[in-house]
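For the single chain, residues carry numbers from 1 onward in sequence order. Both counts, for ligands and for their atoms, begin at 1 and track the order of listing. Both backbone and side-chain heavy atoms feed into the values below; hydrogens, waters and symmetry mates do not.
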Amino acid sequence: MSPKSERGFGLFLLGLKANVTLRDKFGRQITDLRVSVTDRCNFRCVYCRSANPETHMPAGNLLEWDEYERLVRLLVGLGIRKVRVTGGEPLVRPGIENFVARLKMIGVQDLSMTTNGYMLANHCEGLVAAGMNRINISLDSLNREKFEQITRTKTFEQVIAGIDAAQSSKLRPVKVNAVLVRGINDDEVEAFAQFARDRDLIMRFIEFMPLDADRAWTRDMVVTGAEVYRRISAIWPLVPVTHERSETARKFRFADGRGEIGLISPVSQPFCGHCSRLRLTADGKLRTCLFSKEDHDLRSLLRGRASDGEISDRIQAIVSQKEKGHRINEPGFLPPSRTMVSIGG
Ligand code: SAM
């Protein structure tokens, strides 16, 4: 077969495989993958990491780029259409742009990243050139002092420069994420809404989840999406924006102008019934829920010379057992042993 017809045949096979779907026992179709490329982060956000030194995954446990590429290729063959690269902080891992380009070559239709924005201004062009479609940037305060307290860094300007760079680039949409914690930044809801209007971007408010390293989460620290909606719509009328059922955010635009808000309410209004997500951790574990009690080791299969078929079969078996929901609101709930930074948000 000539190289050209060989490539054509490869694409034909990929097309056939794209019809394969990953479904769990509740009938949910799994189309979205979060890929964590590191458990390291250059921020220490109070709702995520501890101020104390934490242990990191040994380097030898981290998946190599080739291993990620193989797994994502298999997952795309099983019906994954959206891939979000995350961490830790994904931009701290050298070679990230090249990895994004490799994901694009595999045929990932919708490729995005979640970043704290600190290194984004320098990486933005490279990510666009590599085929990145969209970006989510975390920003938990518009007040420099408070931002420094939350992130335990002095990087406010660089993060704003990262948002500027994203907005001037081809990345669309640009979403800015704030985790609201009662008593820390819940006084900024209206300011964040104004930020979305001024900059014509999507401002998303995320409920604080029990995934922090200090295990300080309590229910009264959660600022609900309903409260955010009430406070913003009391000033600026909001109009619902249609969204896919599996999307995490309920979206609204401002009736009188630019910008949008998204309410991500996993605690007060769980959306598990429409969940379409899987997570791959930096050490090669597949997780079917943020709050899974156990994760599933794919690294040993990769390194143990399992065939593509064996790995795909294992993935399908794991997905079929995806839990019904996260159980945060059930009596006796216990948070998972892994915290957000080592799962990949
Ligand atoms: N470093 C990147 C960043 O800061 O966006 C990506 C990784 S971070 C773990 C992914 C997302 O998880 C961020 O939006 C972060 O705010 C969110 N997050 C971390 N801990 C959380 C918690 N306990 N509850 C809710 N969201 C959390």
Side-chain angles (χ1 to χ4, degrees), residues 32 34-51 54 56-57 83-93 96 112-120 123 127 132 134-141 147 150-153 155-156 158-159 162-163 166 171 174-182 184-186 188 192 202-219 221-225 228 248-249 262-271 277 279-282 287 289-291 326 328 333 335-345:
D32 303 5
R34 305 271 164 100
V35 177
S36 172
V37 294
T38 177
D39 65 331
R40 291 179 181 268
C41 188
N42 39 13
F43 285 16
R44 279 187 177 277
C45 300
V46 291
Y47 56 78
C48 185
R49 299 186 61 202
S50 175
E54 295 154 313
H56 289 291
M57 296 169 183
V83 175
R84 171 174 298 281
V85 179
T86 182
E89 170 51 39
L91 294 179
V92 303
R93 184 151 176 188
I96 189 72
S112 60
M113 177 178 280
T114 302
T115 170
N116 60 32
Y118 173 51
M119 297 164 77
L120 185 57
H123 283 271
L127 292 173
M132 179 74 73
R134 0 188 233 111
I135 197 106
N136 289 8
I137 305 160
S138 299
L139 176 70
D140 300 307
S141 181
F147 173 91
I150 294 173
T151 61
R152 300 171 170 129
T153 67
T155 58
F156 185 72
Q158 289 93 328
V159 174
I163 296 173
L171 295 172
V174 174
K175 298 179 187 171
V176 174
N177 290 340
V179 176
L180 293 178
V181 184
R182 180 80 64 204
I184 297 186
N185 60 353
D186 57 318
E188 292 194 61
F192 278 128
I202 304 178
M203 185 72 225
R204 307 198 317 163
F205 300 89
I206 305 176
E207 289 180 353
F208 180 28
M209 290 181 276
L211 290 167
D212 54 314
D214 286 335
R215 304 293 188 211
W217 182 91
T218 57
R219 197 163 290 276
M221 294 165 95
V222 177
V223 181
T224 64
V228 174
T248 52
L263 306 175
I264 303 179
S265 314
V267 180
S268 68
Q269 284 191 285
F271 33 82
R277 279 167 292 285
R279 289 185 153 79
L280 178 63
T281 66
R287 290 180 71 86
C289 174
L290 258 180
F291 293 91
H326 59 45
I328 298 177
F333 165 79
S337 53
R338 279 183 188 246
T339 59
M340 189 66 130
V341 73
S342 67
I343 297 173

Do [X] and [Y] have side chains that approach each other closer than 4.5 Å (heavy atoms only, starting at C-beta)?
X: Gln269; Y: Glu207; answer: no
X: Trp217; Y: Val267; answer: yes
X: Arg84; Y: Asn136; answer: yes
X: Thr339; Y: Arg215; answer: yes

When you compare ligand 1 with [X], is there at least one nitrogen or oxygen pair between them that comes in under 3.5 angstrom?
X: Val179; result: no
X: Tyr47; result: yes
X: Thr114; result: no
X: Thr86; result: no

Glu207 neighbourhood, listing ligand 1 atoms whose heavy-atom distance to it stays under 4.0 Å:
25 (C)
What atoms of ligand 1 come closer than 4.0 angstrom to any heavy atom of Cys48?
19 (C), 20 (N)
Tell me whether the count of non-hydrogen atoms from other residues, nucleotides or ligands lying under 6.0 Å of OH in Tyr118 goes above 12.
no
How about [X] and [Y]: does a side-chain donor come under 3.5 Å of a side-chain acceptor?
X: Arg287; Y: Thr281; value: no
X: Asn177; Y: Ser138; value: no
X: Thr38; Y: Glu89; value: no

Which residue owns the protein heavy atom closest to [atom], what's the atom, and how far is it?
atom: atom 10 (C) of ligand 1; value: Gly345 CA, 3.7 Å
atom: atom 24 (N) of ligand 1; value: Met209 N, 2.9 Å
atom: atom 2 (C) of ligand 1; value: Glu89 OE1, 3.4 Å
atom: atom 19 (C) of ligand 1; value: Met340 CG, 3.3 Å
atom: atom 4 (O) of ligand 1; value: Ser138 OG, 3.3 Å
atom: atom 8 (S) of ligand 1; value: Gly87 O, 4.4 Å

What are the two closest non-hydrogen atoms of Ile150 and Ser141, and how far apart are they?
CD1-CB, 4.2 Å
Between ligand 1 and Gly88, can you find any atom pair, the residue atom being a heavy atom, that is separated by under 4.0 Å?
yes
Should the proximity of Ile137 to ligand 1, defined as any heavy atom under 4.0 Å, be assigned to the side chain, the backbone, both, or neither?
neither
